[in-house]
Amino acid sequence: DAGVTQSPTHLIKTRGQQVTLRCSPKSGHDTVSWYQQALGQGPQFIFQYYEEEERQRGNFPDRFSGHQFPNYSSELNVNALLLGDSALYLCASSYAPTSGTFNEQFFGPGTRLTVL
Amino acid sequence: QKEVEQNSGPLSVPEGAIASLNCTYSDRGSQSFFWYRQYSGKSPELIMSIYSNGDKEDGRFTAQLNKASQYVSLLIRDSQPSDSATYLCAVNTGFQKLVFGTGTRLLVSP
């Protein structure tokens, strides 16, 4: 059973560029959440996708956008990159029954983004 | 006040000892709580989840929850050097949005 996969593993961009990160959820999961983890910090919630729609959003600017495809995979797009966007970007997948309260989230290996 | 607070450590324990990691949270309505282990340069790995007051045991790990005190803890019995990692406490604040603490670094010395 494949776990959560993310690509690419590492990425180096320059300020002002745009980047797209990809995630495939664990088999049987239908919800994808994206997190940003800066060095020495805990992951920060960016947004969550369920049924191809953004269901929740954290405190991140509109430069951060996403998409979920019919096969539940997801993309995170970041426009106009800033130096402060350098971080580990984590995708987490889960299964979302009606309540949504008690679901465990499983993380992929992450994409390390460096903005120069 | 931060939503989820953890002591950043490092917490140093000798091999074979019990490591005790603590976490407090501010949202009294939170219903589910998770502990993740993160090795340096890797992504977080789920090791425990707890939803009800009391203790939940899984192998060498015990999670403890006290909703009245808004307190979650993780005990690691018979600590091993391979347990050396950062332990992240996460709280589900609704619709699977996890809020994380900054993590506690655990060092287990042989």
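Note on naming: letters A, B, ... go to the chains in the order of the sequence lines (proteins, then strands), and numbering restarts at 1 for each one.
Considering CZ of A/R55 and NZ of B/K97, their distance stands at 13.0 Å, rounded to 0.5 Å. To the nearest 0.5 angstrom, B/L46 atom CG is 11.5 Å from A/S94 atom OG.
Heavy-atom proximity under 4.5 angstrom to chain B picks out nothing from residues 62-87 of chain A. Within residues 37-48 of chain A, the residues having any heavy atom closer than 4.5 Å to a heavy atom of chain B are A/Q37, A/G40, A/Q41, A/G42, A/P43, A/F45, A/Q48, listed by residue number.
More than 12 heavy atoms of other residues, nucleotides or ligands shown are found within 6.0 angstrom of CZ on B/R77. Within 6.0 Å of atom CZ in B/R105, 12 or fewer heavy atoms from other residues, nucleotides or ligands are found, so the atom counts as exposed in its surroundings.
Inter-residue side-chain proximity for B/L98 and A/Y35 is flagged as met; some heavy-atom pair is nearer than 4.5 Å.
Only the side chain of B/Y36 comes within contact range of chain A, with heavy atoms under 4.5 Å apart. Contact annotation for A/Q56: only side-chain heavy atoms (C-beta onward) come within less than 4.5 Å of a heavy atom of chain B. Only the backbone of B/K42 comes within less than 4.5 Å of a heavy atom of chain A; no side-chain atom from C-beta onward does. Interface remark: B/E45 contributes no atoms to any contact with chain A (heavy atom separation under 4.5 Å).
Most heavy-atom pairs under 4.5 Å with chain A, from the set B/C89, B/S43, B/S49, B/G41: that is B/S43.
No chain of hydrophobic side-chain contacts below 4.5 Å, direct or via other Ile, Leu, Val, Met, Phe, Trp or Tyr residues, connects B/L75 to B/F33. Residues A/Y95 and A/Y49 fall into different hydrophobic clusters, defined by Ile, Leu, Val, Met, Phe, Trp and Tyr side chains chained together at heavy-atom separations under 4.5 Å. Note: the hydrophobic cluster containing A/W34 does not contain B/V99 (ILVMFWY, side chain heavy atoms under 4.5 Å, direct or indirect links). Residue A/L21 is not grouped with residue A/L90 when hydrophobic side chains (ILVMFWY) are merged at heavy-atom distances under 4.5 angstrom, including chains of intermediate members. In terms of hydrophobic clustering, with Ile, Leu, Val, Met, Phe, Trp and Tyr side chains grouped at heavy-atom distances under 4.5 Å, A/V32 and A/V4 are assigned to different clusters.
When all heavy atoms of B/Q38 and A/L88 are compared, the pair lying nearest together is NE2-CD2, 4.3 Å.
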